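Heads up, the thing below is written out as structure tokens.
Predicted, not measured: the structure shown is a model, and the values here were computed from it.
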Amino acid sequence: MVEVAHAAVKDKNHPYYANKFNKISKRRGKKCAFIAIARKILVGAYYMLLTGEIWNPADLAEVETPVEQRIKYVNQILNNY
């Protein structure tokens, strides 16, 4: 699973796990971050098999969209009302 985590962190097309890895590695170090990402992948795969749903993490928008862009988007929506 750690090898899968290494590959997921290096994926350029889908930066979800890379962004999670960067946040965790700043606090805990790279080794612990790889273990945490491997656990996230394993838990996600378990629930996908259990429920039959597709991969759809709840915090995907928060991780992939920068904070500045989210603030700009919310302000834009609020100004339209």
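Taking all atoms of both residues into account, the shortest heavy-atom contact from A36 to I24 is CB-CD1, 3.9 Å. Annotation for A5 and A38: closest pair CB-N, 3.7 Å, computed over non-hydrogen atoms. Taking all atoms of both residues into account, the shortest heavy-atom contact from I41 to M1 is CG2-CE, 3.7 Å.
The line from NZ of K30 to CG of N22 is 8.5 Å long, rounded to the nearest 0.5 Å.
Both L50 and V43 sit in one connected hydrophobic cluster of ILVMFWY residues. Membership requires side-chain heavy atoms under 4.5 Å apart, directly or through other members. Neither I37 nor Y47 shares a network with the other; the hydrophobic side chains, linked directly or stepwise wherever heavy atoms of I, L, V, M, F, W or Y lie under 4.5 Å apart, form separate groups for each.
Every pair passing side-chain hydrogen bond (donor to acceptor under 3.5 Å, both in side chains) that includes a residue from residues 6-19 is listed here, sequence neighbours excluded: Y16-D59, Y17-W55.
Evaluation of the salt bridge (charged side-chain N to carboxylate O under 4.0 Å, His left out) rule for K40 yields no partner, not counting sequence neighbours.
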